[in-house]
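Since the structure comes first, as structure tokens, the remarks are kept for the end.
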Amino acid sequence: MSEEATAPSGGAKPGPEPSPKPPASSPAPEAGKAAPEDERRSDGPEQDGPVSESDALRSLAEGSGTDDPERSEAQRAGAIADLIAQRLSADASGTRIGTLALFNDTVSFGGGFHTDGGRGAPRRGGGSVSALTSAELTDHTELFVPPEGYDSALATLCERRLLVLTGRSGSGREAAAVNLLAEALVLSGAEGGGICHRLLDPAAVLTPGWEPPVRNSGYLALVEDGPAGARDFTALPRHLHAVVAALRAHGCHLVLTGGQDLAVAVRGDGGESVPEHVLTPVDPLAVLERRVLGHGAAPEARTRLHAELASGGVVDTLREMPAARHAARLAADIAAGRDVPAAAAALRDPSDQVRAWFDRHRNPEAVAFALAAAVLEDSGYLTVAEAAVRLRATLATPEPAPPDVRFRDRLGDEQQWIRLDADGFGPPRVRFRGAMLGQAVLAYAWTRLDGWREPLLAWLRRLLDHSDLEVRARAAIAAGVLVWADHHYAVHRFLTAWAAETSWPLRQAAATALGVAGSRGESAEAVWELLHGWARGGSSARQRRLAGTAANAAGGLLGRAAPERAVAVLHDALDRDDDWGTLPSVAWGGVHLLHQGQAGPLLDAYLEWSEPQDLSPMVVKSLSAFLFATSRPYEGGVDGPVDGVPGVPLLLSGLPAHRRAVGELWARCLARRPMQDTALLALRDWIDVYADEGRPGTLDALGGLLRDIAHKPGSHRERLAWWLNKWAHDRDRPSRNAALLHRRLTAPA
């Protein structure tokens, strides 16, 4: 780019006056000064047809302030997407699991139990029963690990003859019940050690005149999980006296066992009289150890076993899936000499867990909370619960009054794969136990629950308008997971519509979704092809918005992994003849790419695109995008992908690494208008605002950059000297840094 003819000659020296005649055609504009009202366009860059150069440059200047909520949203969404994408790309079996409470099942200990042996045929009127087999009794009692509070529960059963034992599904409640009955019968001196029967119709005990079918027996009543199974037992407090009297009269004991719904049912009116015990989970590792080593294992054997379990992934599996049945299954694999690490990995597979869960749970309440947790994982409980209630409303029949929904009460039964973590003094956070379970839940619901796809998408779209930025960002990430399931369907069903919206947050959501979708190797190529297609589109307002979304997406996670492809998308979006409407989006995409640690490829591209150094559109656009990047403070932190200084433009704090390219681009921008005015404003901000906020030595590095520019052919030295001197003696805002840099620049070599 040739310099302005009015620039000072090569031998000119600054005069002694503080306000000499400027060497450029006009002085630099004042920061923040808007264009005259009659020069503004009312329709802005959203109009159909090409956008003018002045509109685009004005839009870029107006978006260069530090207080930009759209930029903050992009940064936040990108940071969250980054973390999620890293988890998604990790091997589920190798993912480190954080702190977990070990909820567990138990198996029961001890007991002189016998099968019926043909004695005591059940009488009529007592309900259907089935005697436990010898194998079932042995499995439950031989290697039982008693949970905390077991002795107290046994004492209650012996005294009251009836016990309501509640615990989550898979917690070992059946095994604990069998052991309690066995010991209670032994302690009561039942003839022959007692017999254990299953009561096939648990609610039969509530019928008037009920009597145990077989004397001197233990009765196990398994109440089905869910409100329907427990509903009848709201009447237990009223019938308690009669049931207990019948058990005493026939020398019998009864354990009713079930989940949270049974616990709620028996705590109704008069519930304080019901003997209830809440099962305390047992460490699954203790269950596995007992089943592998038996009673009284030597310390060396235990140490050896624990080392094998830790190295084989079994410990992580049982922390993630803390159920006694899983411990028993892995113990059987060890005893049979199978490949235990492979068995643990298979047990932990998120797809299998999700499929099994959806096979058991179809009710809208359970599914709604699972999907809300999948989208908003790591959010506060109230945020997730609110979203779940709204999704449930779209899946269930309309109700005349607000539903009595208590998700927290049901987490232990229906949602055992979800935990509530209390982090310090903040609200509890909703988290899946497995790192990839949330994504598997979304993919399953999207591909298998065909009737729910439409309400799911509508609900997700509403989350993108949520007042909480984190909710909006996570909803966009969830959309990216849906793209994996069927790229073609997602693009035509919702992604393109979002990317072409007039709403910036929706376009940002589409860009975030594409970044997540493209983070997987099998979908990356399709995502890049889509971005190139959008970037090369026409000049209508809709096609321009698509090109802008492509530029935004290219500068995010995708650009970190493939910077050359990202730069190519930015080029396609920028090189659109006389259409300037994509310039702001490309400039933002370039800033995002810088903040992803890809300054080198981006600066090389700006150098190549502005190589003609004339006033052609591509040159002006490229240099405008560069100047925009020089004005954007770095908003990352210590964990960001680059080593930047928060609050300081990355191109300034990273000068030592990119000084040659940055110097050449600055020189091209300072050479003439229309770039010169903007460049001088940005340069003064570097000198007066950011140099003192950077690392020690930033001002020295900036001085070196100015010397590099001054040594280039043309009037660069005279121009820089004039402006540094002007800023140093500015009547309203004198600059000490400019004075120092002026002395260094003009000092004899």
Side-chain angles (χ1 to χ4, degrees), residues 3 7-24 26-32 64 66 626-627 629-634 643-671 675-749:
E3 299 197 50
S9 62
K13 295 183 180 181
E17 298 300 323
S19 299
K21 182 180 178 181
S26 65
E30 295 299 323
S64 63
T66 56
F626 165 75
L627 284 177
T630 66
S631 69
R632 297 305 308 170
Y634 179 56
D643 182 21
V645 178
V648 176
L650 202 56
L651 290 178
L652 176 58
S653 60
L655 268 181
H658 306 289
R659 182 165 147 179
R660 183 200 64 80
V662 171
E664 177 60 30
L665 288 167
W666 267 115
R668 294 178 185 181
C669 292
L670 289 165
M675 310 313 306
Q676 188 184 85
D677 291 349
T678 305
L680 288 169
L681 286 173
L683 182 58
R684 185 163 191 188
D685 282 344
W686 272 29
I687 294 171
D688 287 345
V689 178
Y690 299 121
D692 293 334
E693 297 178 1
R695 298 186 180 92
T698 297
L699 188 62
D700 292 336
L702 180 55
L705 176 73
L706 296 181
R707 287 193 296 273
D708 291 347
I709 297 173
H711 285 121
K712 294 182 181 296
S715 302
H716 292 294
R717 175 181 291 276
E718 291 74 18
R719 181 180 298 106
L720 288 174
W722 192 94
W723 282 106
L724 289 172
N725 185 64
K726 175 178 171 57
W727 295 333
H729 297 88
D730 188 287
R731 184 172 302 170
D732 298 324
R733 191 163 58 108
S735 170
R736 291 191 304 170
N737 285 348
L740 175 62
L741 293 173
H742 180 268
R743 289 194 298 272
R744 293 180 181 178
L745 185 69
T746 58

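This one's a predicted model, so the numbers in the text were calculated from it and none came from an experiment.
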Do [X] and [Y] make a side-chain contact, defined as non-hydrogen atoms from C-beta onward lying under 4.5 Å apart?
| X | Y | value |
| --- | --- | --- |
| Tyr690 | Leu702 | no |
| His658 | Leu651 | no |
| Ser735 | Arg684 | yes |
| Leu680 | Leu670 | yes |

Distance check, rounded to the nearest 0.5 Å: [X] atom [atom1] versus [Y] atom [atom2]?
| X | Y | atom1 | atom2 | result |
| --- | --- | --- | --- | --- |
| Arg731 | Lys726 | CZ | NZ | 9.5 Å |
| Ile687 | Thr698 | CD1 | OG1 | 13.0 Å |
| Leu650 | Arg632 | CG | CZ | 12.5 Å |
| Asp677 | Leu627 | CG | CG | 11.0 Å |
| Ser653 | Tyr634 | OG | OH | 8.5 Å |

Open item on the list: For Arg660, give me all partners under salt bridge (charged side-chain N to carboxylate O under 4.0 Å, His left out), at least two apart in sequence or on another chain.
Closed with: none

TODO: Please assess Arg695 against Asp643 for the test side chain to side chain contact (heavy atoms under 4.5 Å, CB included), listing each intermediate value before the final yes or no.
DONE: CA-CA 11 Å; Arg695 298 186 180 92; Asp643 182 21; 2.9 Å; yes

- [ ] Run the numbers on Asn725 and Trp722 for side chain to side chain contact (heavy atoms under 4.5 Å, CB included), then give the verdict.
- [x] CA-CA 5 Å; Asn725 185 64; Trp722 192 94; over 6 Å; no

- [ ] Applying side chain to side chain contact (heavy atoms under 4.5 Å, CB included), name anything that partners Ala739, two or more places apart in sequence or on another chain.
- [x] Ala728, Arg743

Open item on the list: So does Leu745 get a backbone contact from the side chain of Arg717, meaning a donor-acceptor N/O pair under 3.5 Å?
Closed with: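 Here the side-chain-to-backbone pair exists.
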
Closest non-hydrogen atom pair, [X] against [Y]:
| X | Y | value |
| --- | --- | --- |
| Trp686 | Val662 | CH2-CG1, 4.3 Å |
| Ile709 | Gly663 | CG1-O, 3.7 Å |
| Trp727 | Ala738 | CB-CB, 3.9 Å |
| Asp730 | Arg733 | OD1-N, 2.7 Å |
| Leu705 | Trp666 | CD2-CD1, 3.8 Å |
| His711 | Arg707 | ND1-O, 2.8 Å |

Task: Test applied, side chain to side chain contact (heavy atoms under 4.5 Å, CB included); reference residue, Leu720; option that passes from Thr746, Leu706, Leu741 - done: Leu706

- [ ] Salt-bridge test for Arg736 and Asp692: reply yes if a basic N is under 4.0 Å from a carboxylate O, no otherwise.
- [x] no

